[in-house]
Structures are given as structure tokens and as C-alpha cells.
Amino acid sequence: MADTLSIATWNINSVRFRAPIVERFLTEHAPDILCLQETKVVDDAFPHDLFHRLGYRHIVLNGQPMHHGVATISRIPLAEDLRHDWQDNGEARHIGVRLPNGWRLENVYVPAGGDVPDREQNPKFGQKLDFLGRMTRWSEQLKDPSIIVGDFNIAPLESDVWSHKQLLDVVSHTPIEVAALAQLQQSHGWVDLGRHFIPAPNRLYTWWSYRAKDWTVGDRGRRLDHMWASPEVARDAIAHHVLEPCRSWEKPSDHIPLVTEFRI
DNA sequence: ATGGCTGGTAGAACCAGA
């Protein structure tokens with residue numbers, strides 16, 4: 001009998017503040033595994049009870065005070081794997097696990113990179129590029145069937161942003177970031193599952209700013225969140241969901257969840 | 001009109017997100 005595995009990724013912008021919509025998402029969509037970014041909570045204060053109550057008893061954390069933080073939450077057993085500090089500054093931006101079938105699942109929160117797209121004027125932009133460079137060197141060596149998901153903070157394609165022209169100088173869509181992301185993708189032959197299921201130039205966004213009073217007016221979105229798979233894993237991807245309605249839920253995250261279903 | 005808002009933490013004329 002064929003079986004399926006569904007994996008979700010969501011930049012939640014505080015897992016504690018967002019508890020009601022996390023519960024709604026898990027109840028309505030029930031992925032097997034949920035990868036969260038920007039949990040904004042130290043591991044000791046993580047809301048384990050919320051997830052246990054919903055049937056998610058396997059949780060692997062990499063949190064820190066105040067900012068950042070990632071968590072991988074599952075109904076099926078997980079084996080904790082490596083956690084990388086690709087920025088080399090102690091921030092909690094990655095956690096890796098192994099799934100029962102041997103796949104690796106990497107949950108990553110790439111740095112935003114500040115405002116100015118120049119590493120001389122803005123050290124955060126340099127850190128973002130260095131993070132991607134270290135990821136690329138890791139990815140080049142990777143042999144195992146793997147899935148990497150999360151908030152990559154880069155919208156690579158013209159159809160990944162509401163205005164290619166107006167965002168060319170805006171961090172997240174600059175040519176230097178797009179080139180760095182392309183190198184990372186090429187280093188393992190990663191399949192971009194979002195564009196596998198919804199090819200360019202179709203519109204595909206995962207983030208809308210909080211600053212607009214109504215996020216749907218003008219639809220000024222960007223595709224910052226991604227799900228990538230090794231070529232052999234991508235062959236088992238059978239469906240992909242982009243859950244835009246979650247952007248209109250009560251006290252929403254500025255990012256929406258993505259879900260991919262795999263045949264296993 | 002891509003920063004107009006948001007959350008965490010301190011108790012800010014804060015920081016960070018993107």
C-alpha cells in the first residue's frame with residue numbers, strides 16, 4: 001500500500017503569540033511534519049503542550065532569546081541530526097533531522113540581510129552572503145536524499161515578486177543574492193518544489209508586509225519561503241500547497257505556510 | 001506609499017524583521 005508524508009514550512013513570527021493559528025493550521029491541514037522559523041523563544045519556554053495535545057510528540061528545537069529560532073515538529077519519530085551555524089555568530093537559524101526512511105530534513109532561516117545591498121556599507125548583507133556561501137559548501141558535499149525548507153529571504157525569479165523592476169535594489173531580490181541562491185541550488189541539483197508545481201511566470205508569493213493596511217490591495221508579495229528536494233526525493237513529490245488564506249487569519253504571520261506531499 | 005506594522009523585551013528617543 002502506498003503511503004504519503006506531508007511536510008510543512010512556516011515562518012511563524014513568534015510561536016507563542018501565534019499559538020491559536022498554529023493550532024488551527026495543524027487541525028485543518030494536519031501535516032505529518034511542521035518546520036517553523038522565527039519561533040522567538042528559548043527552548044525551555046517552548047510550548048510543548050500545544051503540540052503534544054495535537055498529536056505532535058516529536059519536537060527538535062534550536063531556539064535563542066528574542067530573535068530567530070527554528071523548530072521541527074512531527075507526528076512521526078525524528079532523529080536529531082546536525083545543527084549548523086552558517087553565519088558563524090551563534091544565531092539559531094538551522095536544525096537538521098533524519099526521518100525514519102533515511103531522508104534528511106533541513107529547516108533553515110536565512111538572515112534577512114539588513115537594508116543596504118552592499119557588504120561594505122552593511123555588514124548584515126555580507127553575513128547573509130557568507131551564510132549562503134557556507135550553505136553551498138555544505139550542500140556540495142551532501143550525498144544523502146534530502147529536503148531543505150524554510151525562510152530563505154530571497155525571491156529569485158521575476159515572477160516571485162510583485163515588481164521585479166522596483167525590487168531590483170531591495171534586499172531579497174538583488175542580483176547578487178539571486179546569484180548566491182542559484183549557486184546553492186546548483187551545488188546539489190536541488191529541485192525548487194514551488195516552481196516544480198507552479199512554474200514561472202505564474203505568480204507565486206509567500207510573504208506580504210505587515211505595513212499595508214490590507215495585504216490583498218496591490219498584492220505586493222514576495223516568494224521568500226522555499227521547499228527544495230534532492231532530485232531523487234523530488235521524484236516522490238506528488239502535491240504542493242501554498243496556503244494564502246492563512247495570511248488573513250486572526251493575528252497572522254506575515255508569511256504563509258507551504259506544504260508538500262511525498263510518496264514514501 | 002517598501003515602510004505606513006509587528007513581536008519581544010525592557011521598561012526605549014529599544015531592536016529586528018525584509
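As a basis for the values below, the full set of heavy atoms in this structure was taken, side chains included, without hydrogen atoms, waters or symmetry mates. In what follows, chains are A, B, ... by sequence order, proteins preceding strands, each numbered from 1.
Rounded to whole Å, atom C1' of dG3(B) lies 12 Å from atom NZ of Lys213(A). Nucleotide dG7(B) holds its P atom 4 Å from the CZ atom of Phe17(A), rounded to whole Å. What separates CD1 of Ile12(A) from P of dT6(B) is a distance of 16 Å, to the nearest Å. Remark: P of dT9(B) and CD of Gln64(A) are 11 Å apart, rounded to the nearest angstrom. Distance, Lys40(A) NZ to dA16(B) C1': 7 Å, rounded to whole Å. What separates CG of Leu36(A) from C1' of dG17(B) is a distance of 17 Å, to the nearest Å. Rounded to an integer number of Å, the gap from CD of Glu250(A) to C1' of dT6(B) is 15 Å. For Gln127(A) and dA18(B), the CD to P distance is 15 Å, given to the nearest whole Å.
Both tests pass for Arg93(A) against the ring of Tyr109(A): distance under 6.0 Å to the centre and angle within 45° of the axis.
In summary, the aromatic rings of Trp249(A) and Phe25(A) are positioned with their centroids too far apart to meet the 6.0 Å limit.
Using a 4.0 Å heavy-atom cutoff across all strands shown, Leu167(A) reaches no nucleic acid atom at all. Across all strands shown, Asn11(A) has heavy atoms under 4.0 Å from sugar-phosphate atoms exclusively, and none from any base. Contact annotation for His255(A): backbone-only contact, meaning every heavy-atom pair under 4.0 Å involves sugar-phosphate atoms and none involves a base. When heavy atoms are screened at a 4.0 angstrom cut-off, Arg16(A) is found touching the sugar-phosphate backbone but no base atom.
Of the two residues near DNA chain B, Tyr109(A) and Ser209(A), the one whose nearest nucleotide lies more 5' is Ser209(A). Position along DNA chain B of the nearest nucleotide to Ala112(A) versus Ala212(A) favours Ala212(A) as the more 5'-ward residue.
Atom P of dA10(B) sits at a distance of 14 Å from the matching atom of dC15(B), rounded to the whole Å. Rounded to whole Å, the separation between the C1' atoms of dA12(B) and dG8(B) comes to 13 Å. Nucleotides dG11(B) and dA16(B) are separated by 16 Å at their P atoms, to the nearest Å. On the C1' atoms, dA1(B) is 26 Å away from dC14(B), given to the nearest whole Å. Comparing dG7(B) with dA18(B), their C1' atoms sit 15 Å apart, to the nearest whole Å.
Expressed to the nearest 0.5 Å, how far CZ of Arg137(A) lies from CE of Met135(A) amounts to 12.0 Å. From His52(A), atom NE2 reaches atom NE2 of His58(A) across 8.5 Å, with rounding to the nearest 0.5 Å.
Of the side-chain N and O atoms in Arg211(A), none sit less than 4.0 angstrom from OP1 or OP2 of dG3(B). The phosphate of dG8(B) (OP1 or OP2) has no side-chain N or O of Arg18(A) nearer than 4.0 angstrom. For dG17(B), the OP1/OP2 oxygens have a side-chain nitrogen or oxygen of Arg93(A) closer than 4.0 Å. Close to dG7(B), at under 4.0 Å from its OP1 or OP2, lies no side-chain N or O of Asn13(A). Remark: Lys124(A) is in phosphate contact with dG17(B), judged by side-chain N or O atoms under 4.0 Å from OP1 or OP2. Residue Tyr205(A) has no polar side-chain atom (N or O) positioned under 4.0 Å from OP1 or OP2 of dA18(B). Distances shown here put every side-chain N or O of His67(A) at or beyond 4.0 Å from the OP1 or OP2 atom of dG7(B).
Distance from the side chain of Ser14(A) is smallest to dG7(B) among dG4(B), dG7(B), dG17(B). Closest contact between the side chain of Glu38(A) and the listed nucleotides dT2(B), dG8(B), dA18(B) involves dA18(B). You'll find that the side chain of Arg222(A) is closest to dT2(B), out of dC5(B), dG8(B), dT2(B). In this structure, of dA1(B), dG17(B), dG3(B), it is dG3(B) that holds the atom nearest to the side chain of Asp115(A). Comparing atom distances between the Asp151(A) side chain and each of dA18(B), dG7(B), dT2(B) picks out dA18(B) as nearest.
Surrounding CG of Asn89(A) are more than 12 heavy atoms belonging to other residues, nucleotides or ligands, all under 6.0 Å away.
Under the 3.5 Å distance criterion, with hydrogens and angles disregarded, a donor-acceptor pair is assigned to the side chains of Arg222(A) and Ser172(A). Using modelled atom types, one finds no donor on one side chain facing an acceptor on the other under 3.5 Å when comparing Trp86(A) with Asp130(A).
For the side chain to side chain contact (heavy atoms under 4.5 Å, CB included) criterion with Thr9(A), the lone passing option out of Ile148(A), Thr206(A), Val259(A), Val149(A) is Val149(A).
Across the strands present, dC15(B) finds its partner in dG7(B); the criterion is a Watson-Crick or G-U wobble pair with both atom distances under 3.5 angstrom.
Anti is the glycosidic conformation of dA10(B), whose angle departs from 0 by more than 90°.
The base of dT2(B) is paired with the side chain of Trp162(A) by a donor and an acceptor separated by under 3.5 Å.
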